[in-house]
Structures are given as structure tokens and as C-alpha cells.
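It should be emphasised that the depicted structure is a prediction, and the values quoted were computed from it without experimental measurement.
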Amino acid sequence: MNLTLESLQILDMIDRKGSFAAAAVVLDRVPSALTYSVRKLEDDLDVLLFDRRGHRAKLTPAGRELLTEGRHLLAAADDLEQRVKRTATGRETELRIVLNSIIPFANMLPLIAAFDREAGGTRLRFTPGVLSGTWDDMLAGRADLVIGATLDGPEIVRTSGRFQTRQLGTIEWVFAVAPGHPLADAPEPLSPELVRRHRAVAVGDSSRNHPGLTMGLLAGQETLTVPTVSAKLQAQLAGLGCGHLPRYWAAPYLAGGALIEKQTLLSKPHENFLIAWPKAEQGKSLKWFLQHLSQPEVQRALLSGAPPHE
């Protein structure tokens, strides 16, 4: 193959520095060596890469096209080199995290910032999950960590012995409606029969591979199903339905009067959430997250921290 990473590095540096001589200084080569390498590449490709008229080395259209695409190859090669080095030190190249949508991503930001300060170089990839959907990517081998796993997972999770879980914490729920909703002025506590007459807003289970779960709904109750807790909050603020919300999501709207808390005869029990990960060998980045997610102050910040700003 006529094209090499070294030749691309030479073209890149000449273009950045504007001359063969300046590029040679940076690359610790003599200018004649760079001239030879460029001319040999031009001969091999049978194209002119530089317009040598004038004092500044200027790429021809063909040279610019080669360098534009070549820089992608240089970046990919550098990325591969860094990944190999990280793997050799026990750091994962990428950590794939499923985050339950009940946890505002804003609550994750301080933890991500703390992880970045470790300068480990591991890329973080977050995907959302709801109810049993939090387990889908884990079971398929596409996730290394679940934050906010619901219940104990599908039966295969409990019986296979392939996964570990740990308590993350408990979420307090509040039944809330908009001031203009028919239940806003209803006498308390609200009976199940009364609540059943009004549409509930529910977050849909995101699982595609396991039976979906529903929580906090009454048999026969009309339901508006939405994709995230944030969407559920917005729908209830708009008076489009009723239902339970995490108290820390609802708190600023309850305080401001945009939502009204109602007591019910059948209250939604406080729900335990878990973190989960495969039992396979753990890299340093996963161990870092497991260690920090076991700290009470981190757990409180995730499950009862500052409410999201919509």
C-alpha cells in the first residue's frame, strides 16, 4: 500500500506549519527527508499534492482531499493506540451505563465530573431504561452497569448467577394533579373508585424482550403512556392525567402551586432501586463507579437531589 500513517503525518504537519522546513523541525527530521517522502507519495499516487509556487506550501485540491480524509485515519489510529494502552492498565475503553429515567441526568453530572478528574480516559455511554427495560441491555451483553434497576429483574437475572446487585436507595412518591384537574378539589383521602374514573399518566416499560411491568395503576383505569418521567411530569402539569411522581421531581411545582398533592387510600409504596452489573471481571472504571455508588451522599444526590429544571 502506497499510503502510510507516516506519510499522512508529514502532510498534516506541513499543512499546519505552512512549510517543509517548519514541519521538519516539529517532526525532528531534515527538510530533504520530508521532500523525498512527499515526492515519493506523489509518484506512487500519480497526483500532485502540493503547489510549490510561492513561499508557503499549499495543498492542491487532490492533496486537500487526501489530507481531509487522512486526518480521520490519524485520529482513529491515535484512538486505537490510547485504547490499547488503557486496556493494558486495566481501564475499560468504554463503560456502557443504563440509567433509569427516574434519575434526572443532571443528578449524574457531579459524579461524571468526579470520574473525569481521575483522568482514566474511559468513554462513558449512557442509555435510558424504564422498569424491566433497565435489564435489557445488561442481559444482552450491551451494558456494564445499571443505575436504578427496578425490582430484582426478570427470572433469568435471579437464577443465572451472572449478575450482582446492590441497593441504591428508596424513592418517596407523591400523588399529584394540576390545580384545574377534577381531583384537585375532591375530598381526601381519594378512594380507589374515584381515582379509577380519571386518566392516569404512566411511564411505559422500555423492555422489548421481557413482559412489561406497570406500577401504581388501578385495574380498568384509562392510561396515557409516556416515554420518560420528565414527560409524565409535563403531562400532569398540563392537567392531562393524574398519578404518582417522585417527590423530588414534583417538589418545586408543589411549592409553586403548579401541582397539588392529594392523599389517597391506596398510596404507592416507597420503591427500592438497585445498581446491577455482570459478575465477570471488572475493570478499574466499573470498580470506581461501584465504589462511589455505595456512598450514602452519592445515593441521596441521585435519588433525592436537586429537582430537574425543565
Side-chain angles (χ1 to χ4, degrees), residues 79 82-153 157-158 160-173 203 206 228-230 246-249 251-252 270-309:
D79 181 65
Q82 296 305 317
R83 281 188 288 162
V84 170
K85 290 179 179 179
R86 286 196 294 269
T87 301
T89 62
R91 285 280 187 186
E92 302 92 327
T93 300
E94 181 176 76
L95 195 65
R96 302 162 300 175
I97 301 173
V98 176
L99 183 67
N100 193 318
S101 74
I102 206 165
I103 301 173
F105 189 73
N107 289 5
M108 284 294 305
L109 298 181
L111 192 61
I112 295 172
F115 178 77
D116 286 347
R117 289 193 289 271
E118 298 289 311
T122 298
R123 293 194 301 261
L124 301 179
R125 180 184 296 273
F126 285 87
T127 56
V130 179
L131 296 174
S132 61
T134 56
W135 293 99
D136 275 13
D137 285 343
M138 178 76 73
L139 290 168
R142 296 189 300 267
D144 307 299
L145 175 66
V146 175
I147 301 178
T150 306
L151 306 176
D152 294 328
V157 173
R158 300 189 295 271
S160 68
R162 294 164 46 201
F163 306 97
Q164 292 180 273
T165 61
R166 183 188 300 162
Q167 290 290 326
L168 178 63
T170 301
I171 286 181
E172 181 183 356
W173 298 91
V203 182
S206 63
T228 64
V229 178
S230 178
R247 183 172 288 280
Y248 65 97
W249 282 79
H270 298 337
E271 189 173 349
N272 291 323
F273 288 84
L274 312 169
I275 59 173
W277 66 96
K279 283 186 177 179
E281 183 177 351
Q282 300 163 16
K284 290 183 179 179
S285 295
L286 176 57
K287 289 179 179 178
W288 186 95
F289 270 92
L290 293 177
Q291 176 188 354
H292 284 73
L293 288 168
S294 67
Q295 298 173 5
E297 62 272 19
V298 173
Q299 295 174 351
R300 285 193 298 271
L302 292 180
L303 296 180
S304 59
H309 298 287

Min side-chain heavy-atom separation L293-W277 under 4.5 Å:
no
If the condition is side chain to side chain donor-acceptor pair (under 3.5 Å), which residues does Q295 pass it with, not counting sequence neighbours?
none
Tell me, do I97 and M108 make a side-chain contact under 4.5 Å, heavy atoms counted?
no
Do the side chains of I103 and L168 get nearer than 4.5 Å, heavy atoms only?
yes
Indicate yes or no for a side-chain donor-acceptor contact from E94 to the backbone of R125 under 3.5 Å, with no hydrogens or angles considered.
no
Grab the two heavy atoms, one from Q282 and one from Q164, that are nearest each other, plus how far apart they are.
NE2-OE1, 3.6 Å
Kindly compute the distance separating CD (Q291) from NZ (K284), expressed to the nearest 0.5 Å.
13.0 Å
What I'd like to find out is whether the side chain of W249 reaches to under 4.5 Å of the side chain of I171, using heavy atoms alone.
no
Compare every heavy atom of N100 with every heavy atom of G148, then report the nearest pair and how far apart it is.
O-ND2, 2.7 Å
So which atom in Y248 and which in L303 form the shortest heavy-atom distance, rounded to 0.1 Å?
CE2-O, 2.5 Å
Check the pair L302, F273 against side chain to side chain contact (heavy atoms under 4.5 Å, CB included), reporting the backbone distance first and the verdict last.
CA-CA 11 Å; L302 292 180; F273 288 84; over 6 Å; no
Could you pull out the closest heavy-atom pair between Q167 and L274, with the gap in Å?
NE2-CD2, 3.4 Å
Looking at P246 and V229, what are the two nearest heavy atoms and their distance?
CD-CG1, 4.1 Å
Does any non-hydrogen side-chain atom of L290 lie less than 4.5 Å from one of L145?
yes
State whether the side chain of E172 and the backbone N or O of R247 hold a donor-acceptor pair below 3.5 Å, judged by distance alone.
no
Could you tell me how the ring of F115 sits relative to the ring of W288: parallel (under 30°), tilted (30 to 60°) or perpendicular (over 60°)?
perpendicular
State whether the number of non-hydrogen atoms from other residues, nucleotides or ligands found under 6.0 Å of R166 atom CZ is greater than 12.
yes
Note: A276 and T165 closest approach over all heavy atoms is CB-CG2, 3.9 Å
Between T228 and P128, is there a side-chain heavy-atom distance shorter than 4.5 Å?
no
